[in-house]
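The figures here come from the full heavy-atom set of this structure, side chains too, leaving out hydrogens, waters and symmetry mates. From a predicted model like this one, the values you see are computed outputs, not experimental measurements.
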Amino acid sequence: QQDPHKWLEDVLGDESMAWVKGKNAECIAAIGDPTITDTYKRILTILDSKDKIPNLFRIGGPSGMYYNFWQDDVHVEGIWRKITLESYKSATPEWKTVIDVDALEPPVCGTAKTWVWHGSTLLDEGPGALCDRAIIALSPGGSDADTRREFDLVKECWVEPADGGFAMPKAAKTQCAYRSRDEVLVGTDFDGDGKALTDSGYPRVVKSWKRGTPIESAVVVFEGEQTDVSVSQHAYHDRGFVHEFQRRNITFWTKKVWYRKLTAENLNTVSADAEAAPFKEVAIQPDARLSTFADAAMLTLRSDWNPPGSPTTFKAGSLLSVPMDKAMQGDWSAVVALFEPTPAKSLVRRTETRDFVILKTLQDVCTVLEFWKYEDGSWVKQGSGTSEAVAVGEDVDVECLARVAEETNEVWITRGGYLVPDTQEISNAENGCTVTEKLRSKPAMFDATRLIVEQNFATSPDGTKIPYFVMRRKDLVFDGSNPTLLNAYGGFEISMLPRYSAVEGAGWLEKGGVKVIANIRGGGEYGPTWHQAALKENRYKCYEDMEAVASDLLSRRMCTPATLACIGGSNGGLLVGNMLTRPLASSLFGAAVCQVPLLDMKAYSKLLAGASWMGEYGNPETDDWQYLRKHSAYHLLRHDCLGLPESPPPATPVEVRPDWKCPKVLFTTSTRDDRVHPAHARKMVRALQEEAKERAPTVYYWENIEGGHGGAADNKQRAHMWALTYIFLGQMLNLQGAW
């Protein structure tokens with residue numbers, strides 16, 4: 001059977017866009033225009049608030065300025081601005097605009113009408129050098145594809161191509177970074193025909209591009225295979241050492257890595273295509289993540305490994321270090337383990353300063369910081385006053401004060417939690433961050449005085465304990481009447497950690513709603529093994545975990561199916577799709593919000609960046625389809641729930657479920673999403689409305705014409721999307737209050 005909804009895969013086709021506009025109109029007619037509601041106005045005020053804490057980093061060494069990207073009601077597309085630390089600490093900080101994105105000529109690219117800031121890549125010429133250039137990435141409409149353009153940080157102006165500036169005005173999925181002042185290493189869709197891209201749509205070819213020459217004259221220095229996810233080459237200074245790597249990302253989780261050691265003189269005087277020093281493959285596990293710290297290799301394991309020369313087998317999730325020269329010789333006899341996991345403890349991220357590595361670890365999803373110092377070629381663990389886990393529902397993040405981490409041991413510390421507004425402090429790794437200076441405190445943006453946060457554990461069918469956080473009123477009555485929103489992700493080793501969300505507080509919690517965050521398998525809350533437990537053929541585990549948490553909420557009489565909804569985006573959208581169509585799950589929820597989702601797992605690898613995720617889900621063109629079919633929400637809907645014919649038929653006969661009924665559901669996505677194809681949501685909605693009909697009586701669809709994978713390009717679009725979401729949920733779960 002041909003897919004009758006396949007025509008919706010034509011993203012900008014006239015027929016597709018007419019359908020989208022019609023569904024958008026139906027959605028607003030049914031739910032109401034969110035922009036005229038108090039909820040929208042409140043959310044927009046929060047997003048545009050001048051009381052937000054700027055996320056800023058120093059550029060230019062000890063005497064440098066502190067840069068920040070900012071959006072508000074005046075700067076809709078945003079400004080890149082700078083300030084001195086002294087002024088930032090004052091009561092009247094004086095910012096200077098460096099780039100005003102709103103003032104740029106608008107993009108000319110399909111439906112895109114605005115620019116979305118994608119960040120900056122700095123020129124780093126080593127210790128003591130002036131950081132005076134940056135390559136700026138701007139996306140038309142929020143797509144992953146972006147443009148690149150060189151900027152002079154001292155003169156505060158664009159470096160025009162006529163003056164030797166690097167510029168890539170055509171949007172593409174691009175990797176571009178300085179190798180030296182007059183050379184960049186770039187991977188992109190060079191000829192616009194896709195031949196320099198992988199099947200996933202990312203760079204397959206890397207070229208050396210010299211200043212003052214057209215990109216057409218750039219020289220190929222590295223190539224990968226068409227089936228690779230992506231290919232890269234990059235060189236960089238690292239605390240007096242110079243490293244250069246080539247990487248072929250074979251799958252999302254595996255890669256091959258080559259390395260050569262250089263000197264600063266090599267890097268500044270010899271281009272990548274002329275460099276005589278050979279690359280040598282690094283003999284490590286293909287799923288390990290390799291980086292450096294000065295002259296040391298840093299290796300994060302994703303599977304157990306007994307390094308050559310070491311008597312120890314280190315567990316997945318360990319962080320190991322050995323001199324890079326020794327690693328290249330295959331000698332790991334001097335290996336040092338900076339972190340080894342336990343069943344309850346994992347490493348979620350690390351921050352580097354000039355002399356320190358700060359490890360953010362999780363103990364049952366509660367943060368603990370650990371400090372290591374690198375001195376005289378050896379690692380020394382430091383004592384710390386922050387060795388105790390933070391309180392349940394709270395978190396702490398550490399970032400180096402400077403964009404170039406080797407400049408300083410000073411750090412930013414951000415503290416906050418589900419109900420605790422953020423604070424920003426300056427500290428120093430040299431004292432284990434025990435002494436801090438508070439610079440900013442975000443005011444409470446919603447009333448949390450009557451709320452509490454708690455952590456519970458549900459039991460999945462295989463006996464695994466699944467942690468989840470609950471935000472609720474202190475005086476909540478456990479009678480099943482409480483509108484409850486359950487959120488999870490469950491993929492790509494991404495951890496869902498506590499953070500202050502004023503939008504969620506104002507749009508849901510303050511009105512009496514209960515919010516639940518489930519740390520299901522597939523995420524990274526307990527390290528790589530937690531993720532791998534729900535990989536590929538075991539994907540069903542994360543769906544069973546979600547069902548277990550929902551069932552636990554029901555058994556505690558927090559809610560009933562009529563007052564319980566689920567929400568998730570991207571991979572979390574696939575999770576929600578399964579909650580709509582699995583036999584047990586569809587009976588547990590009264591409503592759902594499915595955001596920028598994957599849903600058609602037969603077609604996903606052929607749509608946009610889908611091929612890059614086959615390491616996570618499997619390849620539907622192989623026997624993997626036998627298990628992929630079991631959690632392809634689009635197929636579960638059409639064939640298992642509705643009994644529509646399937647060709648070829650599945651290996652195991654389908655037991656059609658005539659009693660299935662779809663929970664009330666809102667789908668949201670973006671036309672400009674070039675990561676997860678909007679057709680996943682489009683086709684699912686059309687199947688529900690045209691084929692399920694009365695068995696799916698409440699199905700709404702909203703597609704933002706801009707926004708990329710985040711669903712929105714600016715604060716007004718974000719406020720629209722979230723107001724629409726919370727108003728829908730309030731209506732479906734009968735949450736009383738002013739909207």
(message) Show, in sequence, the C-alpha distance, side-chain angles and deciding distance for Tyr468 and Phe457, and conclude whether the ring-ring contact (aromatic ring centres under 6.0 Å, His included) test is met.
(response) CA-CA 6 Å; Tyr468 67 91; Phe457 290 80; 8.0 Å; no
(request) Give a yes or no answer on whether the side chain of Asp600 reaches the backbone of Lys602 with a donor-acceptor pair at less than 3.5 Å. (result) yes
(request) Report yes if the side chains of Val392 and Cys366 come closer than 4.5 Å at any heavy-atom pair, otherwise no. (result) yes
(request) Sequence neighbours left out, what pairs pass salt bridge (charged side-chain N to carboxylate O under 4.0 Å, His left out) with at least one residue falling in residues 467-478? (result) Glu454-Arg472
(request) Side-chain contact test, heavy atoms from C-beta onward, threshold under 4.5 Å: evaluate it for Leu485 versus Val593 and give yes or no. (result) no
(message) Within the 4.5 Å heavy-atom criterion, are Gln736 and Lys511 side-chain neighbours or not?
(response) no
(request) Could you tell me whether a side-chain N or O of Ser139 sits under 3.5 Å from a main-chain N or O of Ser143, the two making a donor and an acceptor? (result) yes
(message) Looking at Glu399 and Arg349, is any side-chain nitrogen of the basic one under 4.0 Å from a carboxylate oxygen of the acidic one?
(response) yes
(request) Using a 4.5 Å cut-off on heavy atoms from C-beta on, say whether the side chain of Leu44 contacts that of Asn715. (result) yes
(message) So Trp80 and Trp70, do their side chains get closer than 4.5 Å, heavy atoms only?
(response) no
(request) Could you pull out the closest heavy-atom pair between Ala112 and Gly141, with the gap in Å? (result) CB-N, 3.6 Å
(message) Donor-acceptor pair, distance only, cut-off 3.5 Å: does the side chain of Asp714 make one with the backbone of Gln717?
(response) yes
(request) Name the orientation class of the two ring planes belonging to Phe69 and Trp117 (parallel below 30°, tilted from 30 to 60°, perpendicular beyond 60°). (result) parallel
(request) Please work out which of the three classes, parallel, tilted or perpendicular, describes the rings of Tyr500 and Phe446, given edges at 30° and 60°. (result) parallel
(message) Taking the ring of Tyr604 and the ring of Tyr617, is the distance between their centroids below 6.0 Å?
(response) yes
(message) For a quick test of reading the model, state the closest non-hydrogen atom pair linking Ala488 to Met546 and the distance between them.
(response) CB-SD, 3.7 Å
(message) Given 3.5 Å as the limit, does a donor-acceptor pair link the side chain of Asn578 with the main chain of His631, or not?
(response) yes
(request) Indicate yes or no: does Lys23 engage Glu703 in a salt bridge with an N to O separation below 4.0 Å. (result) no
(request) Let me see the working for Tyr418 and Phe469 under side chain to side chain contact (heavy atoms under 4.5 Å, CB included), right down to the final yes or no. (result) CA-CA 9 Å; Tyr418 289 125; Phe469 292 98; 3.6 Å; yes
(request) With the side chain counted from C-beta on, respond yes when Ile53 and Thr414 share a heavy-atom pair under 4.5 Å apart, and no when they do not. (result) no
(request) Could you tell me whether a side-chain N or O of Thr45 sits under 3.5 Å from a main-chain N or O of Lys41, the two making a donor and an acceptor? (result) yes
